[in-house]
Amino acid sequence: MSQLFYLLLFPAFCFPLSARAKAVPPSVPAVSVRMVHPDSQKLDRERSPVPEGYTPYTYEFRDRHGKMQRERLFLKNTPIITESEVEQARIEPERRECLHITLNTQGGKTMKAATSAMNLGRDRLALVVQGKIKSAPVVQAVISRTFEISGLDGKNEASGLAELLNRRASTEKNTPFIPQDLALYAVHPESRRLVEEGALRVPGVLGPRKLPAGTGREKREK
């Protein structure tokens, strides 16, 4: 059974994820889960300096009575997980406001380690999508590889987020390997003869390359 990622506050707006995904620079995660500073409310109330390693965000939401609320939260700069750790996202037809997340193995270990160190029932995590906080729940239990985000009651909000996460996950899996710093090549069995005969190019074979000095393999001229 998926662990429940409780949301005590509800997101305010519907957001067109598909249309906005390309607007985010490649270096910035489109989706991330970040630690909320445990003293965010106190820091905001006392107008304290921004803690080192954190960034202030404005979180807008509707409370249980539908009234618009706003609070200032300080989120840790380094995310716990991003969309790159998401293996699958899905919604259930009968509960379209809930999103089920499955992380990859490393993501699950990272999430478990982070939430195990939290003060359960008090500390919060923030779900940040396209640079905006979409939820900031109090963590009620240790979360690992699978969990559920509930309360996404905006129109098509959960399905839009699932589409974005699954598209990113598919892109990560289908990215071809391009050898750059490390590569293995087959050595032509007639390399020595071809070099001695001056055959610098053989169809389908790379040309001769000079080995760096000190390898013990370079040809020594007398």
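- Within the 4.5 Å cutoff, the side chain of Asp123 has no heavy atoms near those of the Val138 side chain.
- Pro51 meets the side chain to side chain contact (heavy atoms under 4.5 Å, CB included) test with His37, Leu43, Tyr54, Phe74; sequence neighbours excluded.
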List the steps, then state whether side chain to side chain contact (heavy atoms under 4.5 Å, CB included) holds for Met35 with Leu125. CA-CA 5 Å; Met35 187 82 71; Leu125 291 178; 4.1 Å; yes
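- Thr82 places a side-chain N or O within donor-acceptor distance of the main-chain N or O of Ser84, the cut-off being under 3.5 Å.
- In this structure the side chain of Lys134 never reaches within 4.5 angstrom of the side chain of Ile149, judged on heavy atoms.
- Atom CZ of Arg72 is separated from atom CZ of Arg45 by 13.5 Å, given to the nearest 0.5 angstrom.
- Nearest approach of Leu164 to Gln130, heavy atoms of both residues: CD2-NE2, 3.8 Å.
- Atom CZ of Arg34 sits about 10.0 Å away from atom CD1 of Ile80, to the nearest 0.5 Å.
- When every heavy atom of Ser159 is checked against every heavy atom of Ile91, the shortest pair comes out as CB-CD1, 3.6 Å.
- In this structure, the side-chain hydrogen bond (donor to acceptor under 3.5 Å, both in side chains) partners of Asn77, at least two apart in sequence or on a different chain, are Thr55.
- With sequence neighbours left out, the side-chain hydrogen bond (donor to acceptor under 3.5 Å, both in side chains) criterion links Gln88 to no other residue.
- Here the closest heavy-atom approach between residue Ser135 and residue Pro137 is recorded as C-CD, 3.6 Å.
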Check step by step if side chain to side chain contact (heavy atoms under 4.5 Å, CB included) holds for Val36 and Leu75. CA-CA 5 Å; Val36 179; Leu75 306 188; 3.6 Å; yes
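- Nearest heavy atoms, Ala162 versus Ala89: CA-CB, 3.9 Å.
- Within the structure, side chain to side chain donor-acceptor pair (under 3.5 Å) contacts touching residues 106-116 (residues at least two apart or in different chains) are Gln106-Thr110.
- Ile133 and Val50 are not part of a single hydrophobic cluster, where members link through side-chain heavy atoms under 4.5 Å apart.
- Under a cut-off of 6.0 angstrom, the local environment of CD in Gln69 is crowded, with over 12 non-hydrogen atoms contributed by other residues, nucleotides or ligands.
- Partners of Arg70 under the side-chain hydrogen bond (donor to acceptor under 3.5 Å, both in side chains) rule, at least two apart in sequence or in another chain, are Glu60.
- With rounding to the nearest 0.5 Å, the separation of CG in Leu120 from CZ in Arg122 is 12.0 Å.
- Listed here is the closest heavy atom pair of Glu83 and Leu165: CB-CD2, 3.8 Å.
- Considering NE2 of His100 and OG1 of Thr146, their distance stands at 10.0 Å, rounded to 0.5 Å.
- Distance alone, capped at 3.5 Å, is enough to place a donor-acceptor pair between the Arg145 side chain and the Leu103 backbone.
- By the 4.5 Å heavy-atom criterion applied to side chains, Val139 and Arg124 are not counted as neighbours.
- Taken to the nearest 0.5 Å, the CG atom of Asn166 stands 10.5 Å off from the CD atom of Glu87.
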Chi angles and distances behind the ring-ring contact (aromatic ring centres under 6.0 Å, His included) call for Phe61, Tyr59: CA-CA 7 Å; Phe61 60 93; Tyr59 176 35; 4.8 Å; yes
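- The shortest side-chain heavy-atom distance between Val31 and Leu127 falls under the 4.5 Å cut-off.
- With sequence neighbours excluded, no residue satisfies side-chain hydrogen bond (donor to acceptor under 3.5 Å, both in side chains) with Ser40.
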